[in-house]
Amino acid sequence: MLKEFGREIWIADGPDVSVFGFHYPTRMAVMRLSSGDLFIWSPIQLSESFRAVVDALGRVRHIVAPNSLHHLFLPEWKRAYPEASLYAPPGLREKRGDIDFDADLGNASSPDWADDIDQVLMQGNRITTEVVFFHIKSGTVLFTDLIQQIPANRLSGWRAVVARLDLMMGPEPSVPRKFRLAFTNRSGARDSLKRIFAWPAEKVLMAHGTPVEEDARAFLRRAFGWLSK
Ligand SMILES: [Fe+2]
């Protein structure tokens, strides 16, 4: 269930979640920090057997929701790991007042993971301010929803039409049209992109879609080419 994706990073694909009848595949990542502690990104549903696999890697210390849309499984992870800290991206505290977050995610890494993971707030979007991470040891950039791809066989009928119009079913992962339209502060977004493009990226992970494992820097420039103009 947990698959090695690179040096000190693992991914797990969870059950689909349904949003308005659209079934999305879900994915989380686990990164092991130099301290040996685990950084959990966008957690999926937790089961006893999955928990045992995670625990074998190290101590769960940080549980991170990367944007305000990915929050479904945070309470169960916090219940399972009460000693771990739970981090809120911009906007999520307001949306999930029932969750007791320990800290907020900003435009710079916490000293707890700065040696291993860099982060940037992707500014300028009205839907969500996503926190984009860069895992240094594996050269992996982690996007959540700003880049995605739904497998061609996953949807049919009108939902496939909608997804295609939203640019979510292209030959490679891309920025869905609804997010493109929501980038109303483009210069803010470009400032964030400058930092992302400077990372020595080798791979790109996203919560929904096939990871990109070749020419990651060229892929990122293609994915945001429409915003650079
Ligand atoms: Fe998502």
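Bear in mind that the values here come from a model prediction, so they are computed numbers and not experimental data. All residue numbers refer to positions in the sequence shown, counting from 1.
Listed for the Arg61 side chain is a donor-acceptor partner under 3.5 Å among the backbone atoms of Glu83. The main-chain N or O of Ser85 is never found under 3.5 Å from a side-chain atom of His62 such that the two would form a donor-acceptor pair. Of the possible polar contacts, one joining the Lys95 side chain to the Ser68 backbone as a donor-acceptor pair under 3.5 Å is found. Between the side chain of Trp10 and the main chain of Arg7, no donor-acceptor pair closer than 3.5 Å is present. A donor-acceptor pair under 3.5 Å links the side-chain atoms of Arg32 to the main chain of Leu57, judged by distance alone. Under a 3.5 Å cut-off, the side chain of Thr140 and the backbone N or O of His135 do not form any donor-acceptor pair.
Looking at heavy atoms from C-beta onward, Val120 lies in side-chain contact with Asn107 at the 4.5 angstrom threshold. Looking only at side-chain heavy atoms (C-beta outward), Val60 and Ile40 come within less than 4.5 Å of each other. When side chains are defined from C-beta on, Phe224 counts as touching Ile147, because their heavy atoms get closer than 4.5 Å. Between Arg27 and Ile44, the closest side-chain pair of non-hydrogen atoms is not below 4.5 Å. Contact of the Gln119 side chain with the Trp113 side chain is registered, since non-hydrogen atoms from C-beta on lie closer than 4.5 Å.
A salt bridge links Arg222 with Glu172; the closest basic N to acidic carboxylate O contact falls under 4.0 Å. One finds a salt bridge joining Asp118 and Arg195 here, because a Lys/Arg side-chain nitrogen approaches an Asp/Glu carboxylate oxygen to under 4.0 Å.
Under the 4.5 Å side-chain heavy-atom criterion for Ile, Leu, Val, Met, Phe, Trp and Tyr, Val64 and Trp77 are members of distinct hydrophobic clusters. Residue Val53 is not grouped with residue Phe39 when hydrophobic side chains (ILVMFWY) are merged at heavy-atom distances under 4.5 angstrom, including chains of intermediate members. Hydrophobic clustering (ILVMFWY, side-chain heavy atoms < 4.5 Å, transitive): Phe179 and Leu193 are in one cluster.
In this structure, Arg51 is positioned above the aromatic face of Tyr81, its NZ or CZ under 6.0 Å from the six-membered ring centre and within 45° of the axis.
Under the ring-ring contact (aromatic ring centres under 6.0 Å, His included) test applied with Trp199, the options Phe143, Phe133, Phe134 reduce to a single match, Phe134.
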Show your reasoning for whether side-chain hydrogen bond (donor to acceptor under 3.5 Å, both in side chains) applies to Asp145 and His70.
-> CA-CA 9 Å; Asp145 292 318; His70 277 232; 3.2 Å; yes

Arg180 vs Ser174, side-chain contact (heavy atoms from CB on, under 4.5 Å): CA-CA, chis, key distance, verdict = CA-CA 10 Å; Arg180 296 186 191 201; Ser174 69; 4.0 Å; yes

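Annotation for Asn185: atom CG counts as buried by contact number, over 12 foreign heavy atoms lying within 6.0 Å.
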